[in-house]
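For the numbers below, each heavy atom of this structure counts, side chains included, while hydrogens, waters and symmetry mates do not. Proteins come first, then strands; the chains are lettered A, B, ... in the order of their sequence lines, and each starts at number 1.
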2 protein chains.
Amino acid sequence: MTSRQPRPRQRDIAKMAGVSQATVSLVLNGKPGAVGLAAETVSRVHEAARELGYVADPIAMRLAGRQNFLLGVHTFSAAFPVDIENSYYPFLAGVEQQAATRGYDLVLFTGAAPSGDHPARADAVHRLRLADGCILFGRTVPVAEIARLLDDDYPLVYIGRRDELGARLPFVGADYTDASRQVVEHLAGLGHERILYVREPDDALASDDREKGVKLGLANAGLTERAPTVVRSEGSDLTPAWVRRQVETGVTAFVAETTDVSAAARALTRAIAGAGLRYPSDVSLALLGEYVVPPVDEPVFTGFAVPRREMGRAAADLLIDLLIGASVPPVRRQALMDCEFVPGETAGPPPATHAGIQTRTKTKARRGQDA
Amino acid sequence: MTSRQPRPRQRDIAKMAGVSQATVSLVLNGKPGAVGLAAETVSRVHEAARELGYVADPIAMRLAGRQNFLLGVHTFSAAFPVDIENSYYPFLAGVEQQAATRGYDLVLFTGAAPSGDHPARADAVHRLRLADGCILFGRTVPVAEIARLLDDDYPLVYIGRRDELGARLPFVGADYTDASRQVVEHLAGLGHERILYVREPDDALASDDREKGVKLGLANAGLTERAPTVVRSEGSDLTPAWVRRQVETGVTAFVAETTDVSAAARALTRAIAGAGLRYPSDVSLALLGEYVVPPVDEPVFTGFAVPRREMGRAAADLLIDLLIGASVPPVRRQALMDCEFVPGETAGPPPATHAGIQTRTKTKARRGQDA
DNA sequence: TTGTAGGCGTTATCAG
DNA sequence: CTGATAACGCCTACAA
């Protein structure tokens, strides 16, 4: 019950050392030599500070410093990436790492819809401003909101390529187009002629980029589009029966995009298993991306690895550079990072039944791998 | 090169609405009715605030003694739980979830040592004060630092049981003692008489609790300690040869604690595999805990599940209740949550060679499960 | 009903 | 070399 004495302030030190508060601040902030203080004074101050157990109040320091050394992190997607299955998590890990090494803390904006009183604060985005700058990600983007922040020169970096705001929005993206092209050319190189791309139903830029890459790959491989090569689905209609039907019409390889939760890809994976088809003897499957947490008992999927952690690191690094006003060349302001091709075990030459030369497409030589 | 415009302040709103800054504060803090402001004035202020995208500066809020709806998260262990392999991650997930539903955002204190001059300042904990309250975790605890915060009535909640600070430090822990007891009694029930507990070398409370449970379990099963039952190791000496030696001297079951990284447990797992022993025919292994990310190609380990996510949720909930001054009964201020026993596949009856009745220990009837 | 003034703990400036 | 003095953004008497 004894009323505890409050933490010592600079003024307390000043009193004890018989100097002014300003002197205390000077001494404690390290550049006493530059200013030229009496060694005797300096030591008296240090002594008093030690004796009182003085610790600077971080809150006041930041108020005075006009920076709070907080980096915001926010996603516009439904849930925050707190789920291990969620592919956003590695981004967070990368951001955290780089923020730490540069002396910043992170604010995770939960996008909270507080129950009760305030029904889902409409001003959620504004809260971001409480950090010095913010890192955003998520497949869909509320353009107006972001434009507003940019108008106010609020420092923002998006993880993932964005074109809705032209050159205004800095980002660190992954080169999905080129990676997808590579994957498709790999399949074509194995001898596949009918390749089906299963993408999510929404119009996310990441999906469009992949589709572009798929078509580029098909074209490069000389595979003309005789039948639809793209299917949009959120997963529920990707049944074993559907898979069998596709295979019967000549499809020998599927290509599915992975996303934050990879609904379509996971559904397709299950459907193929449900249809009793094996990789790669019965059918080939390549992911345009990879599973962060692979389904159990599954092989390593052919696809590509998105350098999420590195992207997170790069994004934090970029944001901080923008914050401190460092000069940032355009190529770094809007960066695309390469994805590494993953050979995996789910893609091989098409089954013999379908491998016959039944079309005139100038398929490249079958440099198929051993099955 | 253009200097960024600062975020809007109350004075900006005041200017735009043609009122004083104090009025803005009054209006924005909700009690305009009580004071009796003109409805017209109130709406003008709100309008201006919305237009400017005003958000109260969290730092200034705290300086002025108000709350900023930020919950801190900090760990004293080496790295922040950004690593998926790290068992701390689920805590974060739970905290995030509960914080979101109650309208708080999270500050991840990265524990950064700002590059250059000060190499890892000892007063880093004080940064935490920036948030309204803070959730802590980690095996080791800088008691002095925490006591300091508690002295200042800074709201803290530890995830994990702590006794260094008596009743002062609220926590949400897991009942390792009881869970460990259960595991050992399960092994004893299977017929094991020589059980060896492998624990980490440090004196973490979590390890002590487990050890207590192990000994309790042994005692309950009537297994007197004829030989050392506890081995401390950080892993490097847990070789296949060592395992073989233990088995030759009669050990039929190992019990290993898992931690944030589970160094000892993972080493033991590898050593047993390296010794060519199979579960549970050659040897039994039970974890005092579980692997967050299990080693590949391994069976489901016998052990118990720490309800990490729930603990995280409970911790956030508790902290917020403390923050808002809700009444919190002692049993919730220092809570222990039950861990669920996981039968797993790595524990079975001891091999016949060792199962003979060669001692006089009054072993309970062998109610062993089917192998 | 609104504005003025003082305080929270720092940092920074500028005469003396 | 030092000691006032003024920010920093906000809250809260108290005065008008």
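The CG atom of B/Asn68 sits 16 Å away from the P atom of D/dG9 (whole-angstrom rounding). As rounded to whole Å, 14 Å separates atom P of C/dT11 from atom CD1 of A/Ile59. A/Lys15 has its NZ atom 19 Å from the P atom of D/dT2, to the nearest Å. Between A/Leu130 atom CG and D/dC10 atom C1' there is a gap of 14 Å when expressed in whole angstrom units. Straight-line distance from the CG atom of B/Leu26 to the P atom of D/dA13: 10 Å, rounded to whole Å. One interatomic measurement links the two molecules: CZ of B/Arg44 to C1' of C/dT1, which rounds to 12 Å at whole-angstrom precision.
In terms of heavy-atom proximity, A/Ala316 sits nearest to A/Ala99 at CB-N, 4.3 Å.
In this structure, B/Asp151 does not pair ionically with A/Arg7, as no charged nitrogen and carboxylate oxygen lie closer than 4.0 Å.
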Discussion item. A/Arg102 vs A/Asp321, test: salt bridge (charged side-chain N to carboxylate O under 4.0 Å, His left out). Steps then yes/no.
Written reply: CA-CA 10 Å; A/Arg102 296 196 63 172; A/Asp321 279 343; 3.1 Å; yes
Worksheet entry | Verdict with reasoning, B/Ile135 to B/Phe91, per side-chain contact (heavy atoms from CB on, under 4.5 Å) | CA-CA 10 Å; B/Ile135 290 174; B/Phe91 291 140; over 6 Å; no
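Side-chain atoms of B/Tyr104 never come within 3.5 Å of backbone atoms of B/Asp132 as a donor-acceptor pair (strictly under, hydrogens ignored).
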Would you list the protein and nucleotides 8-10 of chain C atom pairs, both N or O, that sit under 3.5 Å from each other?
residue, atom, partner, partner atom, Å
C/dG9, OP1, A/Arg9, NE, 3.0
C/dG9, OP1, A/Arg9, NH2, 2.9
C/dT10, OP1, A/Tyr54, OH, 3.0
C/dT10, OP1, A/Asp57, N, 3.1
C/dT10, OP2, A/Gln10, N, 3.4
C/dT10, O5', A/Tyr54, OH, 3.2

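Dashed line: the shortest gap from a side-chain N or O of B/Arg62 to OP1 or OP2 of D/dG9 is not under 4.0 Å. OP1 or OP2 of C/dT4 has not a single side-chain nitrogen or oxygen of B/Ser20 nearer than 4.0 Å.
Here the options are B/Val107, B/Leu71, B/Leu156, the test is side-chain contact (heavy atoms from CB on, under 4.5 Å), and the partner is B/Cys134; only B/Leu156 passes.
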